[in-house]
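Step one of this worksheet: look at the structure below.
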Amino acid sequence: ATSAGIGAPASVAFDAAGNLYGVGSIGGPQLYSINVATGQATVIGSTDLTSTTGGGLAISAAGTFYGTPTASRYGTYDSVTGAFTNITNPIKPGGGGAYAALGFSPSGVLYGLNSAPGTPPPTFLATIDPTTGAVTNVGQSINSLDAIAFRIPEPGSLAMVLVAALAVAPKRISKPR
């Protein structure tokens with residue numbers, strides 16, 4: 001791996017451990033790890049694609065990297081070599097265009113934003129089956145939307161919710177036998 005600046009990151013995503021990754025679109029599509037303290041990008045490896053038009057990058061809780069590097073591709077990136085493996089040409093709910101963004105919800109559902117043809121481009125929210133690439137249209141969103149983000153609760157806040165729930169839970173009283 002070599003250090004570099006990403007000329008134009010097509011997409012970035014965090015893994016479950018808080019590590020940041022990106023796919024660059026200039027100088028040949030490559031997978032990068034990005035130091036969040038310095039912004040320095042380190043090349044993991046070539047995606048083996050000749051170009052990318054942007055698209056999304058999402059990392060599952062299990063650590064699988066999913067991407068839509070071009071309008072006709074949905075697949076996975078190898079987190080060690082950077083190589084892209086195509087799964088399918090995903091259906092576009094807007095009738096064309098490409099997926100501008102991908103993101104996993106806290107419950108593990110993969111969402112995609114289809115940026116359809118038009119001026120301004122209409123945007124459609126969809127769920128994508130990570131394994132097959134099968135698309136389910138959720139509905140049309142605002143025009144020109146090109147990002148997805150989910151707020152993941154901090155572990156400490158989850159613990160506080162649990163403590164609060166236990167504090168207000170009815171107490172079970174056992175009778176002496």
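This one's a predicted model, so the numbers in the text were calculated from it and none came from an experiment. One is the number of the first residue; the rest follow in order along the sequence.
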Validation row: [X], [Y] side chains within 4.5 angstrom (heavy atoms):
X	Y	result
T85	D78	no
S105	Y111	yes
T127	V138	yes

Inset, instruction - Before giving the answer on side chain to side chain contact (heavy atoms under 4.5 Å, CB included), spell out for I87 and T76 the whole-Å C-alpha distance, their side-chain angles and the decisive distance to 0.1 Å. - result: CA-CA 8 Å; I87 294 174; T76 60; 4.1 Å; yes
Inset, instruction - Show your reasoning for whether side chain to side chain contact (heavy atoms under 4.5 Å, CB included) applies to V12 and L57. - result: CA-CA 6 Å; V12 295; L57 176 65; 5.7 Å; no
Quick one: does any side-chain atom of [X] pair with a main-chain N or O of [Y] as donor and acceptor, under 3.5 Å?
X	Y	answer
K92	A71	yes
T68	G56	yes
T52	P69	yes
T88	P90	no
N114	G96	yes
T47	A83	no

Which heavy-atom pair separates [X] from [Y] by the least distance, and what is that distance?
X	Y	value
F104	P130	CE2-CG, 4.1 Å
A101	A147	CB-CA, 3.7 Å
V135	I128	CG2-CG1, 4.2 Å
G75	F84	N-CZ, 3.4 Å
N137	L125	OD1-O, 3.3 Å
Y77	G82	CD2-O, 3.7 Å

To the nearest 0.5 Å, tell me how far [X] [atom1] sits from [Y] [atom2].
X	Y	atom1	atom2	value
S79	D15	OG	CG	9.0 Å
Y99	I148	OH	CD1	10.0 Å
N86	D48	CG	CG	12.5 Å
S72	N89	OG	CG	5.0 Å
T123	L145	OG1	CG	5.0 Å
S141	F124	OG	CZ	10.0 Å

Inset, instruction - List for me each residue that meets ring-ring contact (aromatic ring centres under 6.0 Å, His included) alongside F65, sequence neighbours excluded, and say none if there are none. - result: Y21
Inset, instruction - Using the test ring-ring contact (aromatic ring centres under 6.0 Å, His included), find all partners of Y74 that sit at least two apart in sequence or belong to another chain. - result: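 In terms of ring-ring contact (aromatic ring centres under 6.0 Å, His included), with neighbours along the sequence ignored, Y74 is linked to no residue.
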Inset, instruction - Is it possible for you to say whether L113 and I142 belong to one hydrophobic cluster, with membership spreading through side-chain heavy-atom contacts below 4.5 Å? - result: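 They do share one cluster, since a chain of ILVMFWY contacts under 4.5 Å joins L113 to I142.
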Legend entry - Neighbour count above 12 (heavy atom, 6.0 Å) for L20 CG: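 Yes, the 6.0 Å shell around CG holds more than 12 heavy atoms from other groups.
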Inset, instruction - Not counting sequence neighbours, list each pair that qualifies as a side-chain hydrogen bond (donor to acceptor under 3.5 Å, both in side chains) and has a residue in residues 55-66. - result: none
Legend entry - side-chain contact (heavy atoms from CB on, under 4.5 Å), paired with F14, selected from I34, N19, V36: V36
